[in-house]
Amino acid sequence: MVSDKNEYSGWAGVKKLAKELDYSWFDVCEIIWKTKYHKQPSLKELLLFSVIRKNLIQIEKNKQVVDLSGNPVARKEGEEDIHYAIRTDLDYFKQYYDIKKKWSKDPNFYKSLRQKYKLLYKRFAKEINSNAVIIG
């Protein structure tokens, strides 16, 4: 079966290992894609971004936006919807969201959350919306 790690270095090693394990190139590409580029979000991430979605739904319906504790949060003048939705439960996000390492020198917490939310919402809108309904 599989022996020495150094025996499978480089693309030639990948080809050799795939052949030994009876994988096609399609199987190898699918494994690389799923592990590197198409990672599934954790339940924690889905729930976290469902809170933002819950707040955005309240904003879209022109309802009073409340945080997870039920306290109303006033909107600042000129504030964008997404920024307001994040600020509403900011303490919750700071407790459970790990900011990207590349932001460590200039941590823009709102930008980091906004980018991650938009990325995940494009791919997992159904899951985020269903959890937002449960939370709201």
Side-chain angles (χ1 to χ4, degrees):
M1 189 85 190
V2 180
S3 57
D4 186 21
K5 287 183 183 179
N6 295 330
E7 188 178 340
Y8 302 104
S9 62
W11 284 112
V14 172
K15 186 176 178 181
K16 183 178 178 182
L17 181 60
K19 188 175 180 180
E20 279 186 25
L21 297 174
D22 199 29
Y23 283 158
S24 69
W25 274 109
F26 180 79
D27 295 333
V28 172
C29 290
E30 187 177 17
I31 290 168
I32 292 171
W33 173 255
K34 283 185 176 178
T35 56
K36 180 68 177 172
Y37 295 105
H38 195 68
K39 292 182 180 177
Q40 297 292 321
S42 66
L43 179 61
K44 176 184 160 187
E45 284 181 315
L46 284 175
L47 292 175
L48 193 70
F49 293 108
S50 295
V51 172
I52 294 175
R53 184 66 190 144
K54 171 199 70 95
N55 294 339
L56 286 172
I57 290 170
Q58 288 178 338
I59 292 167
E60 289 168 6
K61 292 182 178 180
N62 291 323
K63 290 185 175 180
Q64 175 66 49
V65 179
V66 295
D67 62 12
L68 291 174
S69 302
N71 303 319
V73 178
R75 185 179 199 143
K76 294 180 181 177
E77 188 175 329
E79 190 172 31
E80 291 181 25
D81 289 348
I82 188 78
H83 192 275
Y84 180 39
I86 293 169
R87 188 176 57 81
T88 300
D89 290 298
L90 190 59
D91 293 338
Y92 176 75
F93 296 124
K94 285 188 175 182
Q95 182 179 359
Y96 293 108
Y97 181 71
D98 298 325
I99 199 161
K100 295 178 183 179
K101 289 181 181 173
K102 70 179 184 179
W103 294 105
S104 61
K105 292 181 182 170
D106 180 27
N108 190 331
F109 196 77
Y110 288 97
K111 184 175 182 180
S112 180
L113 267 170
R114 184 179 66 239
Q115 287 177 348
K116 184 74 172 188
Y117 169 77
K118 287 182 178 181
L119 176 75
L120 283 181
Y121 192 73
K122 278 184 190 176
R123 293 178 46 219
F124 302 100
K126 182 181 175 185
E127 291 86 351
I128 290 174
N129 282 328
S130 64
N131 286 321
V133 170
I134 293 169
I135 294 170

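The two residues Val65 and Asn55 come nearest to each other via the heavy atoms CG1-OD1, 4.2 Å. The nearest pair of heavy atoms linking Ala18 to Val28 is CB-CG2, 3.6 Å. Nearest heavy atoms, Leu48 versus Phe93: O-CE2, 3.3 Å. Closest approach of Ser50 to Ala132, counting heavy atoms only: O-CB, 3.5 Å. Across all non-hydrogen atoms, the minimal contact from Val66 to Lys54 is O-NZ, 3.1 Å.
Arg87 has no carboxylate O lying under 4.0 Å from a charged side-chain N of Glu80, or vice versa, which leaves the two without a salt bridge.
At most 12 non-hydrogen atoms from other residues, nucleotides or ligands lie less than 6.0 angstrom from CG of Asp22. No more than 12 heavy atoms of other residues, nucleotides or ligands sit less than 6.0 Å from atom OH of Tyr23. More than 12 heavy atoms of other residues, nucleotides or ligands shown are found within 6.0 angstrom of CH2 on Trp25.
Leu120 contributes atom CG, which lies 13.5 Å from atom CZ of Arg53 (distance to the nearest 0.5 angstrom). Taking CD1 from Ile57 and CG from Asn129, the interatomic distance works out to 5.5 Å, rounded to the nearest 0.5 Å. One distance of note links CD1 of Ile86 with NZ of Lys111; it measures 12.5 Å at 0.5 Å rounding. Taken from CG in Leu113 to NZ in Lys116, the straight-line distance is 10.5 Å, to the nearest 0.5 Å. The structure places CG of Asn131 at 12.5 Å from CZ of Phe124, a figure rounded to the nearest 0.5 Å. Note that CD of Glu127 is 11.0 Å distant from CG of Leu43, once rounded to the nearest 0.5 Å.
With sequence neighbours left out, the ring pair (Phe, Tyr, Trp, His ring centres under 6.0 Å) criterion links Tyr117 to Tyr121. In this structure Tyr110 satisfies the ring pair (Phe, Tyr, Trp, His ring centres under 6.0 Å) test together with His83, sequence neighbours excluded.
In this structure, Tyr92 is a member of the same hydrophobic cluster as Ile59, with clusters built from ILVMFWY side-chain heavy atoms closer than 4.5 Å. The cluster map of Ile, Leu, Val, Met, Phe, Trp and Tyr, joined by side-chain heavy atoms under 4.5 Å apart, puts Leu90 and Ile82 in the same cluster. Two different hydrophobic clusters hold Phe26 and Leu17 under the rule that ILVMFWY side chains link at heavy-atom gaps under 4.5 Å. Neither Leu119 nor Ile52 shares a network with the other; the hydrophobic side chains, linked directly or stepwise wherever heavy atoms of I, L, V, M, F, W or Y lie under 4.5 Å apart, form separate groups for each.
Here the side chains of Gln95 and Asp89 are not in contact, with every heavy-atom distance at 4.5 Å or above.
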